[in-house]
Amino acid sequence: MSEELGVFERLNRIAIASAQTLSNILLSLMMLAVFIEVVSRYLFERSHGFMEEFSKWSQIWIAYLMVGIVERARSHIKVDILYSRLSPQNQIFLLMIFDLTTLVFAVLLFFSGTAAASNLYNLGYKATSGVPVPMWTVMLAAPIGAFFLAFFAISNFIESLKSFRQRNK
């Protein structure tokens, strides 16, 4: 059992590192694109539509990638009036319900995002900027982000279940 938890914890670290690294790369590229766009508009009075669109697409990808990491840290915005008044045992139980609800949402997001990306792929829809970027690559952020969200919801649920069982002994 402890070996399984070790593997699962390594998978957690790999998933967090992967999502954070990709988000950091996209954030750096987005900042560079915005800087180039500002300089180009100010100095050369010329705009590059792709730079603006790339920054929007990067924000979408970053948001979807980071939603799982925020879930793992249990740092989503929440109202904790009820939670803070519960006993520790009931707090854990409430977290388990939240984890399962998040998992259901992630599964729905995964399938709807996959369907949307597939439709855009089949339609061959491309961006309207000068660089014809397939829009399915942008929509692919939803199922990939949903995968991370589901993985971390399962991870949190397992930890909560373990705590719940220890408290019941």
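Treat the numbers as computed from the prediction; the structure is a model and nothing was measured.
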Looking at residues at least two apart in the chain, or sitting in another chain, which of them share a salt bridge (Lys or Arg N to Asp or Glu O under 4.0 Å) with Lys56?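 For Lys56, the residues satisfying salt bridge (Lys or Arg N to Asp or Glu O under 4.0 Å) (neighbours in sequence not counted) are Glu52.
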According to side-chain contact (heavy atoms from CB on, under 4.5 Å), who are the partners of [X], at least two apart in sequence or on a separate chain?
X      : answer
Asn90  : Leu86, Ser87
Val104 : Leu108
Arg85  : Ile81
Ile25  : Thr21, Leu29

Minimum-distance pair of heavy atoms, taken over all atoms of [X] and [Y]:
X      : Y      : result
Ser112 : Leu109 : OG-O, 3.3 Å
Val67  : Leu149 : O-CD1, 3.9 Å
Met30  : Ser55  : SD-O, 3.3 Å
Ala142 : Gly113 : CB-CA, 4.0 Å
Tyr64  : Ala141 : CB-O, 3.4 Å
Gln20  : Ile69  : CG-CD1, 3.3 Å

In Å and rounded to the nearest 0.5 Å, what is the [atom1] to [atom2] distance from [X] to [Y]?
X      : Y      : atom1 : atom2 : value
Arg41  : Ile36  : CZ    : CD1   : 13.5 Å
Leu123 : Met135 : CG    : CE    : 12.5 Å
Ser18  : Arg13  : OG    : CZ    : 13.0 Å
Leu82  : Gln91  : CG    : CD    : 9.5 Å
Ile92  : Arg167 : CD1   : CZ    : 4.5 Å

Whether the side chain of [X] engages the backbone of [Y] through a donor-acceptor N/O pair (distance < 3.5 Å, no angle test) should be reported.
X      : Y      : value
Ser155 : Phe151 : no
Thr114 : Phe110 : yes
Ser40  : Arg46  : yes

Residue pair [X] / [Y], side-chain heavy-atom distance below 4.5 Å:
X      : Y      : value
Val34  : Met51  : no
Asn12  : Phe152 : yes
Phe164 : Ser160 : no
Leu100 : Met96  : no
Leu95  : Asn156 : no
Leu94  : Tyr83  : yes

Are [X] and [Y] in one and the same hydrophobic cluster, where Ile, Leu, Val, Met, Phe, Trp and Tyr link if side-chain heavy atoms are under 4.5 Å apart?
X      : Y      : answer
Leu11  : Ile158 : yes
Ile60  : Val133 : yes
Phe147 : Phe111 : no
Leu103 : Ile16  : yes
Phe98  : Ile154 : no

Count the heavy atoms of every other residue, nucleotide or ligand shown that sit under 6.0 Å from OH of Tyr121, and state whether that count exceeds 12.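 Not more than 12 within 6.0 Å, no.
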Look at the aromatic rings of Trp57 and Phe50 and report parallel, tilted or perpendicular, splitting at 30° and 60°.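 Trp57 and Phe50: perpendicular rings.
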Any pair counted as salt bridge (charged side-chain N to carboxylate O under 4.0 Å, His left out), so long as it reaches residues 95-113, sequence neighbours left out: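 Only Arg74-Asp99 qualify under salt bridge (charged side-chain N to carboxylate O under 4.0 Å, His left out).
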With Lys162 as reference, evaluate Glu159, Gln166, Arg165 under the side-chain contact (heavy atoms from CB on, under 4.5 Å) test and give the passing residue. Gln166
